[in-house]
Amino acid sequence: MLFLFWGKELNGVSAIQLEDILYKVDETPILTGITGSFAEGAITTLVGPSGAGKTTLLKLCNGLLSPDEGRMTVLGKAIGDYEPTDLRRTVGMALQQAPMIPGTVYDNLNLPAVLKGETLREEEAGRLLQDVGLGPEYLKREADELSGGQQQKVSVARTLVNRPRILLLDEITSSLDRTSVKEVEELIQSINKKYKVTIIWITHNLEQAIGIGDSIWVMMDGELVDAGDRTILQSPRTERVRQFVEGERV
Ligand SMILES: Nc1ncnc2c1ncn2[C@@H]1O[C@H](COP(=O)(O)OP(=O)(O)O)[C@@H](O)[C@H]1O
Ligand SMILES: [Mg+2]
C-alpha cells in the first residue's frame, strides 16, 4: 500500500507501528489490514464516520484490547513485551467524557499516584495545572463544580501525572463550547511541544483534524483508507474519502 509506514519520523523511531492488524469481536472483523505508523513527537489526527473503528484502534494502542492478528510496536518494543501497567503509563488516554471522581481537583490529579501507592506533591499538582492553563487556586475546588472545559483540562492534566510518551485523545472536545475547544487545542499543542509527547487524536471535526494534525488518518469500515498530510482531506484521492468529506460539510 502507498501509505505504508507513513509519517515524519523525528528520530527514526515510530511511536507506534502497526502491521496488518486484524481485530474481531466474535467472528465479526472490526479492524482489518491496518498497516501504518504514528511518527514520534507528531500530532496525528484520526477521522472517519461513526463506527469506523477509531476508538477500537486507540484501545489496541494502550493494550486495553489485543489484536487477533498482526504486529504492533510501541516505541520500538513489541506491545506484548510490555507489562500492562507500564504500557498504560507510557500510553495515556483521555476520553470525551472527562470522568471526575468525587472530591477536589487535587484528589483527581492524585488518583494515578494513589493507584501506584504514592502521593502527588501539591507543588507538582500545581505545575500540571499550569500546563493546562489553570491556576493553583483550582487545586482546592470541587471537581464537579467545574465547567465541562475545565474538567477536560483537569482530565488532560491527570493523564500527564504518569509522564506518558504517547497521548491518545478520543473526541475530547466534542461536548465543549467554541472557546473551550480552542483552549484545549492550544494546550494539547503546547504539551506536544514542551514534553515531545506523541499525540493521536480522534476528532469528528475535520477543520480541527486539518488544523492540528501533522498527519491525518482516515478510517472507514474498519480499514485505514488514507493517511497523509492535510491535502488528503482538502483534495481527497479517492471517491470514498471525497464522499465522507462532503458529508461532513453539511
Ligand atoms: N465490544 C464490542 N462488541 C461488538 N461490537 C463492537 C464492540 N466494540 C466495537 N464494536 C463495533 O465495532 C465498530 C467500531 O466501533 P468503534 O471503534 O467504537 O468506532 P468509532 O470510534 O470509529 O465510532 C462499530 O461497528 C461497533 O459497533
Ligand atoms: Mg469512537
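Just so you know, ligand 1 is whichever comes first in the structure, and atom 1 is the first atom listed for that ligand. Because the structure is predicted, anything quoted here is derived from the model rather than measured.
Both the backbone and the side chain of Thr55 come within 4.0 Å of ligand 1, counting heavy atoms alone. The part of Val25 lying near ligand 1 is the side chain, judged by heavy-atom distances below 4.0 Å.
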Check: Given the rule in the side-chain hydrogen bond (donor to acceptor under 3.5 Å, both in side chains) test, do Asp229 and Thr231 qualify, once you have shown the distances and angles that lead to the verdict?
Finding: CA-CA 5 Å; Asp229 66 16; Thr231 59; 2.5 Å; yes

Check: Between Lys77 and Glu83, does a salt bridge (charged side-chain N to carboxylate O under 4.0 Å, His left out) hold up when you go through it step by step?
Finding: CA-CA 12 Å; Lys77 179 163 135 181; Glu83 287 290 330; over 6 Å; no

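Protein-derived N/O/S atoms nearer than 2.8 Å to the Mg ion (ligand 2) total 1, waters excluded.
Remark: distances from the non-hydrogen atoms of Ser50 to ligand 1 include one below 4.0 Å.
Side-chain contact check for Asp20 and Thr35: no donor-acceptor pair (N or O, by modelled atom type) lies under 3.5 Å. Under 3.5 Å, the side chains of Glu185 and Gln189 contain no donor-acceptor pair of N or O atoms. For the residue pair Thr203 and Asn205, no side-chain donor N or O sits within less than 3.5 Å of a side-chain acceptor on the partner. In this structure, a donor-acceptor pair under 3.5 Å is present between the side chains of Thr173 and Gln208. A donor-acceptor contact under 3.5 angstrom links the side chains of Tyr138 and Gln150, judged on distance only. A donor-acceptor pair shorter than 3.5 Å cannot be found between the side chains of Arg88 and Asn62.
Close approach of ligand 1 to Thr56 is summarised as follows: ligand atoms under 4.0 Å from at least one heavy atom of the residue are 15 (O), 16 (P), 17 (O). Interface atoms of ligand 1 facing Ala52, defined by a heavy-atom separation under 4.0 Å, are 19 (O), 20 (P), 22 (O). With ligand atoms numbered from 1 in the order given, ligand 1 contributes 10 (N), 11 (C), 12 (O), 13 (C), 14 (C) to contacts under 4.0 Å with heavy atoms of Ile30.
Atom CG of residue Leu109 and atom CG of residue Leu139 lie 6.5 Å apart, to the nearest 0.5 angstrom. Note that CD of Gln152 is 9.0 Å distant from OG of Ser174, once rounded to the nearest 0.5 Å.
Distance screen at 4.0 Å: atom 19 (O) of ligand 1 has a protein heavy-atom neighbour inside the cut-off. For atom 26 (C) of ligand 1, no protein heavy-atom neighbour is present inside the 4.0 Å cut-off. Distance check on atom 8 (N) of ligand 1: every protein heavy atom falls at or beyond the 4.0 Å cut-off.
Seen from the ring of Tyr106, Lys140 does not count as a face-on cation partner, given the 6.0 Å and 45° thresholds.
With hydrogens left out, the protein atom closest to atom 24 (C) of ligand 1 is Gly51 O, 3.8 Å, a heavy atom.
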